[in-house]
There are 2 protein chains.
Amino acid sequence: MAKDSRAKVYKSGRIRLDNEAQILRSAEQEFAEHGFQGASINSIAKRAGIPRTNVHYYFNSKLDLYMAILTGVIELWNDAFSRITADDDPAEALGAYIHAKVMYSRSNPHASKIFASEIIHGAPNLSVYFKKEFRPWFNAKAGVIQAWIEQGKMDAVDPYYLIFLIWSATQHYADFNLQVCAGLGKSKLTSNDYEDVSDNLTRIILKGCGLKLPDK
Amino acid sequence: MAKDSRAKVYKSGRIRLDNEAQILRSAEQEFAEHGFQGASINSIAKRAGIPRTNVHYYFNSKLDLYMAILTGVIELWNDAFSRITADDDPAEALGAYIHAKVMYSRSNPHASKIFASEIIHGAPNLSVYFKKEFRPWFNAKAGVIQAWIEQGKMDAVDPYYLIFLIWSATQHYADFNLQVCAGLGKSKLTSNDYEDVSDNLTRIILKGCGLKLPDK
DNA sequence: CAAAAAACTGACAGTCATGTCAGCTATTTG
DNA sequence: CAAATAGCTGACATGACTGTCAGTTTTTTG
């Protein structure tokens, strides 16, 4: 009996994996477009080409589905920053990080939007993450920048604010993509545009921290 | 008859003005917390201490109420930037603008969040604004920066990207306030914190554009 | 190929929200 | 103070969505 109730834990078969992936992809779009409350399981099911009740077979509730996406986003997100250490050259490391984040805004705009929307609306589903995991991780990363400063490698900017600056400036091109396109008079940013964004941001931010652009 | 149907246009009495203001205040909070779809007229009414049906007496639909707020936000928002001209000193003008925007994030976080959420989710209610008014205004502002560059007063950064940088960096402290507080280990940013933010951003961005900090 | 497991679905119950309207009450005004 | 206007509200019609469950179909496996 107890065994039976746990049976669902075994996520087996090819069918399950395929369908879960398909549902997650569709849900990511739907949540990005309409937010958690605005998204409907019905729409997600339609996007995925699967009957609504079948979506429920894979994900017990809308919140389950949402959380699966949200936690996935965060993992992917933190990865790019986690590799930077105090031994790296600051100009190179920060330049690479800015570039990676800009490209991430290009390749994963949905994820960025879902995350942003969650925080804007009070992060009701990330309170545990923000209360436990986030701060230690964030402090560690700020520590790397602080170390560079103490080694005299860059200006004594506040590491916390510098990180926020990089995050906001880069994520802007995913979250506010619509406004950016409207301002530039384009229907969509090209690969070149994103490179331009990355170059401009890198130039301003590195120089602003007293760092020289690394020659490529 | 035609006269009667227009009668509502005359927004008269003190009672109406009071109640409308109260409802708008409550709606701003509700929309910021839950987004357009997540907000309910019922909750707004409760916040305002007014029966739900009475809210409908003042605003025909939820969308009407939302639009009243959204358009108000945009007007307020554009004001700070609209005063800058090519004759101003760039360091001073940009510094003041950054400061104003940071302080705006402090005093009007709800408005910022509502605007951000609207754009993130595809700006379905601002399509007219973005198709008509926004670009000319935005180009004019970029033109001011371009003029400074041509006068040799600052580095040849792309004006468009510079504006986006300032917007994103400053609005971040309203929209992502929760993440910022979590990262800094505070429950709320103080007046001093916002001044620090403004100082740090100004320092990095101005230096990044080849401008000297104006001495206060 | 038959039994077991996984995948699927139609029908249902329950909840919550919006918007309308007729008729009520309070306030203003001549 | 009475007529006119503004403000208010209960009841109702309507629709959307979530989540459950029993029972069916498909797939896997021994």
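The sequence lines fix the lettering, A, B, ..., with proteins before strands; numbering per chain opens at 1. Just so we're clear, the structure is a prediction, and the values are computed from it rather than from any experiment.
Computed from coordinates, the B:Arg16 CZ to D:dT5 C1' distance equals 12 Å when rounded to whole Å. For the pair A:Asn60 CG and C:dC8 P, the computed distance is 15 Å after rounding to whole Å. One interatomic measurement links the two molecules: CD1 of A:Ile23 to C1' of C:dA7, which rounds to 12 Å at whole-angstrom precision.
Nearest-nucleotide mapping onto DNA chain D: of A:Thr53 and B:Asn54, the residue sitting toward the 5' end is B:Asn54.
DNA chain D lies under 4.0 Å from at least one heavy atom of each of the following residues of residues 33-52 of chain A: A:Ala39, A:Ser40, A:Ile41, A:Arg52.
Of the candidates C:dA6, D:dG19, D:dG7, D:dG19 carries the atom nearest the A:Ser61 side chain, counting heavy atoms from C-beta on. Comparing D:dT18, D:dC8, C:dT18 by their closest approach to the side chain of A:His56 singles out D:dT18.
A search for side chain to side chain donor-acceptor pair (under 3.5 Å) contacts involving B:Lys141 returns nothing, not counting sequence neighbours.
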| field | Evaluation steps, ring-ring contact (aromatic ring centres under 6.0 Å, His included), between B:Tyr66 and B:Phe31 | value | CA-CA 8 Å; B:Tyr66 181 71; B:Phe31 284 129; 5.0 Å; yes

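Side-chain atoms of B:Ser112 and B:Trp77 form no donor-acceptor pair, as typed in the model, at a separation below 3.5 Å. B:Asp193 and B:Thr190 form a side-chain donor-acceptor contact under 3.5 Å, judged by distance and modelled atom types alone.
Because its NZ or CZ atom is not both nearer than 6.0 Å to the ring centre of A:Tyr97 and within 45° of the ring axis, A:Arg83 does not count as a cation-pi partner of that residue.
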| note | Heavy-atom contacts, protein to nucleotides 24-30 of chain C, under 4.0 Å, summarised as B (base), S (sugar-phosphate only) or - (none) per nt, yield ----S--

